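Following: one structure in structure tokens, then a few remarks.
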Amino acid sequence: MNVRRITPTPRTTPDLPLHRLQVPLPQLLPFAIGGFDAIGSHSRANFPHRHSFYEIVQVTGGRGAHALDLVHRPLAPPQLCVITPGQVHHWADAEELAGRVVLFNEDFLLGHPQDLAALRALATRPALGLGEQAGPIDALLADMEQEYLTRAPGYQGVLRASLHILIVRALRACAPDDRPAVPGRPAELAAAFARLIARPGGVRRSVASTAQELGVSPGHLQTLVKRATGRTPGGLIRRQQTLEAKRLLACTDNAHARRHDQPQDRPEGRRRARCRAPADRQRRRAGPRAGRQRSGPRPHPRVPRR
């Protein structure tokens with residue numbers, strides 16, 4: 001199992017790297033679980049990137065911070081981090097990360113569609129302290145990893161059921177007054193619309209095209225989305241566009257800071273560049289032939305004829 005990184009080109013989404021899920025038997029199980037080393041180096045990626053899948057990370061040890069969209073949260077294990085498709089995240093100055101990583105796509109949750117809304121609610125924060133749920137969640141993840149590795153008869157059903165229990169326990173870990181509200185059945189269409197526009201390139205889609213993919217008319221989509229969220233589909237798209245712009249701006253600032261951390265961009269490097277600048281300007285003014293010395297006798301100047 002591994003995570004494949006796709007670097008966008010001008011013909012694809014020109015913003016951030018996109019990681020796609022690759023598992024040994026994708027036709028049987030769009031799911032993977034393991035430690036950071038087992039999942040691969042991209043599980044510790046320190047550069048902003050997106051996913052085409054869902055990720056739940058149990059952090060049991062390490063230092064640094066987890067950045068999700070525009071929010072940084074220092075690591076304070078034990079914690080749980082939830083990342084949904086389209087969100088931008090990375091590990092900032094992280095060292096000695098320990099724990100387990102769970103990767104899956106939307107098809108794996110067909111038996112519990114309400115879990116999609118719960119995951120989106122949990123993904124509004126970079127990290128969730130587990131409190132009393134730390135022990136049960138650790139035991140549950142250990143059992144899921146064992147089921148995944150041994151693949152005993154019926155293991156797929158066990159993993160699906162265990163993932164549902166994991167999401168429920170994550171919701172219980174939230175304080176009662178801080179517990180995210182999970183919408184019921186009437187808001188499922190609005191949640192599906194939000195997932196579509198949150199995907200890479202989703203903000204460039206029209207309301208009509210998303211309604212067609214969801215199997216409803218644009219007018220019906222308009223009515224239900226406004227009833228569930230208080231906003232029109234067009235308003236949600238504009239809000240997502242604003243969030244995308246902020247994400248790209250933050251990533252551009254990070255890249256700019258990394259470039260200026262090079263030796264030639266430090267203050268002492270800039271002082272050396274300024275010291276060399278006057279001599280460089282003089283050579284440019286004198287032209288390409290400046291400084292060349294002629295060899296041999298100097299020719300007499302030509303006297304014009306009268």
Side-chain angles (χ1 to χ4, degrees), residues 21 29-36 38-39 43 51 53-62 64-69 71-91 94 97-148 156-185 187-188 191-192 194-195 198:
L21 178 63
L29 198 66
F31 177 92
I33 182 173
F36 284 92
I39 295 297
S43 63
H51 294 165
F53 50 87
Y54 291 86
E55 179 176 5
I56 300 177
V57 183
Q58 176 208 25
V59 181
T60 58
H66 181 232
L68 183 63
D69 284 337
V71 182
H72 286 64
R73 180 70 60 83
L75 294 180
Q79 289 174 303
L80 211 65
C81 306
V82 178
I83 304 100
T84 61
Q87 286 188 294
V88 178
H89 91 114
H90 70 280
W91 302 97
L97 277 177
R100 292 185 179 88
V101 181
V102 184
L103 311 175
F104 54 95
N105 64 18
E106 193 168 319
D107 296 337
F108 197 70
L109 294 172
L110 291 178
H112 301 279
Q114 69 276 15
D115 287 347
L116 292 173
L119 288 170
R120 289 184 61 84
L122 290 168
T124 57
R125 63 199 72 194
L128 171 66
L130 296 180
E132 296 179 355
Q133 294 294 329
I137 285 179
D138 185 66
L140 178 63
L141 287 171
D143 184 66
M144 292 174 67
E145 186 175 12
Q146 184 67 19
E147 286 286 338
Y148 180 77
Q156 297 186 26
V158 172
L159 288 176
R160 283 190 167 93
S162 299
L163 181 59
H164 172 68
I165 296 173
L166 174 63
I167 295 171
V168 172
R169 288 198 174 277
L171 290 173
R172 289 180 180 177
C174 302
D177 54 347
D178 193 35
R179 190 163 296 169
V182 179
R185 185 68 181 176
E188 288 182 1
R195 290 195 299 273

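None of these values were measured; they are calculated from a predicted model.
- The two atoms that bring Phe36 and Gln58 nearest to each other are CE1-O, 4.4 Å, heavy atoms only.
- Taking NE2 of His72 as the start and NE2 of His90 as the end, the distance is 4.0 Å to the nearest 0.5 Å.
- With sequence neighbours excluded, the residues that form a side-chain contact (heavy atoms from CB on, under 4.5 Å) with Glu145 are Ile33, Arg100, Leu149.
- For Pro126, the side-chain contact (heavy atoms from CB on, under 4.5 Å) test picks out His66, Leu68, Val71, Arg73, with sequence neighbours left out.
- Distance check: Ile83 CD1 to Tyr54 OH gives 12.5 Å after rounding to the nearest 0.5 Å.
- For the pair Thr84 and Leu119, the tightest heavy-atom approach, listed with the atom from each and the gap, is CG2-O, 3.9 Å.
- Between atom CD of residue Gln79 and atom CG of residue Leu128 there is a gap of 8.0 Å, rounded to the nearest 0.5 Å.
- For Cys174 against Leu122, the heavy-atom pair with the smallest separation is SG-CD2, 4.1 Å.
- For His112, the side-chain contact (heavy atoms from CB on, under 4.5 Å) test picks out Gln114, Asp115, His164, with sequence neighbours left out.
- In terms of heavy atoms, Ser43 sits closest to Val101 at CB-CG2, 4.5 Å.
- For the residue pair Phe31 and Phe108, the shortest heavy atom distance occurs at CD1-CE2, 3.4 Å.
- Going from atom CD1 of Ile167 over to atom CG of Leu109 covers 5.5 Å, rounded to the nearest 0.5 Å.
- Nearest heavy-atom pair, Leu140 versus Ser162, reported as atom, atom and distance to 0.1 Å: CD2-O, 3.7 Å.
- Within the 4.5 Å cutoff, side-chain heavy atoms of Leu163 are placed close to those of Leu166.
- Here the straight-line distance linking atom CD of Glu55 with atom CD1 of Ile39 works out to 8.0 Å at 0.5 Å rounding.
- A side-chain donor-acceptor contact under 3.5 Å links Gln87 to the backbone of Ala123.
- By the 30° and 60° cut-offs, the orientation of the rings of His89 relative to Trp91 is perpendicular.
- With values rounded to the nearest 0.5 angstrom, Thr60 atom OG1 is found 10.0 Å from Leu141 atom CG.
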